[in-house]
Amino acid sequence: MQKAASLPLPSAEALAASAALSARISEAIDAADGWIGFDRYMALALYAPGLGYYSGGAAKFGRDVRDGSDFITAPELSPFFARTLARQLMQWLGQGLDTVMEFGAGTGRLAADLLLALEAAGQLPARYLIVELSGELRARQQATLAARAPQLASRVQWLDALPAQFAGVIVGNEVLDAMPVRLYARLGGHWHERGVARQGQGFGYVDRALAPADVPLPLRTLPGDQDLVTETHAEAEGFVRSLGAMLTRGAALLIDYGFPAAEYYHPQRTGGTLMCHYRHHAHPDPFLHPGLQDITAHVNFTGIAEAAVDAGLEVAGFTSQARLLMNAGIGELLMTLDPADTAHFLPAANAVQKLLSEAEMGELFKAIALVRGMDDSLPLGFAAGDRSHTL
């Protein structure tokens with residue numbers, strides 16, 4: 001695992017911003033009698049106004065540590081990701097829907113490439129809504145759209161919150177993994193909630209024993225008695241319930257890394273899934289440079305599916321990212337390039353291979369389709385290899 005000493009050093013300005021956020025987190029801990037749940041810490045580290053990782057001004061998405069970014073997402077890796085997803089969106093938009101809403105729009109690359117693909121297919125939505133709270137990210141999205149799809153930028157609107165009602169297609173790529181999680185540790189056969197307290201000049205874990213009635217339901221039947229650490233996802237599940245309350249008719253396509261509950265809470269997964277990303281390095285320390293690094297956890301897709309059903313949505317499909325893209329025709333789209341033009345074809349093919357490979361993103365990332373009021377046809381991206389039975 002990556003050690004902090006081998007990670008790139010932040011600038012003095014970045015360290016000052018991190019120190020300011022650390023002071024704010026310390027105030028929250030002091031106000032809570034010296035201990036906060038990890039979900040509270042994660043929310044502050046990622047979203048504290050003006051200082052959190054996603055609400056501050058630092059670069060986040062990119063191909064290389066030299067551009068100041070911390071990780072690369074599928075839309076940044078290849079335009080064929082968006083072009084393929086557009087085919088699935090077209091199936092749903094063709095059922096009398098005219099609006100797309102995106103969460104977690106990042107740099108705006110997915111929005112721009114989706115709009116360009118839908119324009120090329122003659123199926124442009126009347127509106128493309130982006131829910132974005134970060135002013136820095138909103139400005140970056142606007143710049144990306146102006147550069148890549150200037151003729152379509154006027155169709156895009158930004159929202160600060162969910163509308164009360166919405167009919168259309170919802171897209172979220174790597175949204176759920178960035179939602180705060182609660183940490184739990186089973187030690188000596190007894191469950192504890194793992195929270196955060198001040199330690200020296202920084203922060204550290206402190207466990208609090210739980211009464212049996214306070215142990216979350218997904219953990220009560222976890223087999224074995226070995227020591228382990230894991231997470232629960234109340235915020236992500238609450239987000240999906242909010243989508244269900246808002247969506248009057250339409251579909252939601254959510255793509256993220258994760259597992260069904262049987263894999264997520266497998267007895268051999270003793271260390272949980274929490275991970276941090278800083279300058280294209282992965283490491284396990286969420287207390288390193290608060291506000292300057294991403295903190296994520298894999299998604300429990302069974303919990304997401306159950307929350308959706310509770311909110312009146314139907315699970316229309318669940319599969320791997322590789323199967324979703326292959327079903328929707330990414331291979332066919334790639335072959336629109338000339339293989340003889342190796343200077344263009346080989347880099348494009350290599351990027352698509354990373355999207356599909358089991359050793360890269362193809363198997364780790366999953367896709368789930370949630371619908372309400374749509375026809376009974378199987379979504380294109382889930383036509384083969386559907387794994388809904390595993391949820």
Side-chain angles (χ1 to χ4, degrees), residues 13-14 46-47 49-50 52-90 92-93 97-163 166 168-175 178 252-255 280 294 330 333 336-337 344 347-348 351-352 355:
E13 181 182 6
L46 297 182
Y47 303 109
Y53 180 75
Y54 284 107
S55 54
K60 301 155 185 70
F61 315 91
R63 288 183 171 271
D64 197 296
V65 65
R66 291 170 295 184
D67 61 17
S69 64
D70 298 303
F71 53 86
I72 185 169
T73 62
E76 305 292 327
L77 185 63
S78 170
F80 287 99
F81 180 77
R83 293 173 193 172
T84 308
L85 293 192
R87 290 186 163 196
Q88 177 59 78
L89 267 60
M90 287 164 55
W92 288 326
L93 289 169
L97 301 172
D98 66 357
T99 306
V100 175
M101 178 185 293
E102 183 181 357
F103 294 88
T107 65
R109 180 67 181 266
L110 180 58
D113 288 353
L114 280 173
L115 284 167
L116 288 169
L118 293 170
E119 179 187 41
Q123 204 164 336
L124 266 176
R127 295 186 303 158
Y128 193 105
L129 308 178
I130 295 177
V131 180
E132 181 59 72
L133 301 181
S134 166
E136 180 269 333
L137 283 178
R138 186 178 294 200
R140 193 169 180 187
Q141 292 154 12
Q142 290 168 343
T144 298
L145 285 157
R148 294 186 65 83
Q151 75 279 19
L152 304 176
S154 63
R155 292 178 183 261
V156 183
Q157 301 173 30
W158 280 264
L159 304 179
D160 295 319
L162 296 181
F166 175 75
V169 180
I170 297 167
V171 180
N173 182 60
E174 293 197 52
V175 173
L253 178 63
L254 303 175
I255 303 171
H280 293 265
D294 194 17
I330 195 169
L333 290 172
T336 60
L337 299 180
H344 292 95
V352 167
L355 295 175

[atom1]/[X] to [atom2]/[Y] distance, rounded to the nearest 0.5 angstrom?
{"X": "L133", "Y": "Y54", "atom1": "CG", "atom2": "OH", "result": "13.0 Å"}
{"X": "D113", "Y": "E76", "atom1": "CG", "atom2": "CD", "result": "9.0 Å"}
{"X": "L337", "Y": "H344", "atom1": "CG", "atom2": "NE2", "result": "9.0 Å"}
{"X": "W92", "Y": "Q123", "atom1": "CH2", "atom2": "CD", "result": "13.0 Å"}
{"X": "R140", "Y": "T107", "atom1": "CZ", "atom2": "OG1", "result": "5.5 Å"}
{"X": "L137", "Y": "Q142", "atom1": "CG", "atom2": "CD", "result": "11.0 Å"}

If you apply the rule side chain to side chain contact (heavy atoms under 4.5 Å, CB included), what do you find for I330 with F81, and how did you get there? CA-CA 8 Å; I330 195 169; F81 180 77; 5.9 Å; no

Result block: side-chain N/O donor-acceptor pairs under 3.5 angstrom for residues 153-161, not counting sequence neighbours:
residue: R155; atom: NH1; partner: P125; partner atom: O; Å: 2.9
residue: W158; atom: NE1; partner: Q141; partner atom: OE1; Å: 2.8
residue: D160; atom: OD1; partner: R138; partner atom: NH2; Å: 2.7

Identify the two heavy atoms, one from [X] and one from [Y], that lie closest to each other, and give their separation to 0.1 Å.
{"X": "E119", "Y": "L124", "value": "CA-CG, 3.6 Å"}
{"X": "A112", "Y": "A149", "value": "O-CB, 4.3 Å"}
{"X": "E174", "Y": "A74", "value": "OE2-N, 4.4 Å"}
{"X": "A105", "Y": "I130", "value": "CB-CG2, 3.6 Å"}
{"X": "L110", "Y": "A82", "value": "CD1-CB, 3.6 Å"}
{"X": "P150", "Y": "A147", "value": "CD-O, 4.1 Å"}

Could you go through T84 and L355, starting from their C-alpha distance and side-chain angles, then the distance that decides it, and tell me whether this counts as side chain to side chain contact (heavy atoms under 4.5 Å, CB included)? CA-CA 11 Å; T84 308; L355 295 175; over 6 Å; no

Kindly check if the number of other-residue, nucleotide or ligand heavy atoms within 6.0 Å of CD (E13) is above 12?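 No, because the 6.0 Å sphere around CD of E13 holds 12 heavy atoms or fewer from other groups.
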
Residue list, side-chain hydrogen bond (donor to acceptor under 3.5 Å, both in side chains) with R83, at least two apart or on another chain: none

Are the side chains of [Y] and [X] in contact, using a 4.5 Å heavy-atom criterion?
{"X": "L118", "Y": "L93", "value": "yes"}
{"X": "L152", "Y": "Y128", "value": "no"}
{"X": "T73", "Y": "R109", "value": "no"}
{"X": "L254", "Y": "V175", "value": "no"}
{"X": "L129", "Y": "F166", "value": "yes"}

Measure from the side-chain N and O atoms of S78 to the backbone N and O of V352, and report whether any donor-acceptor pair falls under 3.5 Å.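 Flag not set: sc S78 to bb V352 has no pair under 3.5 Å.
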
Would N173 and L253 count as a side chain to side chain contact (heavy atoms under 4.5 Å, CB included) here? Give the steps. CA-CA 8 Å; N173 182 60; L253 178 63; over 6 Å; no

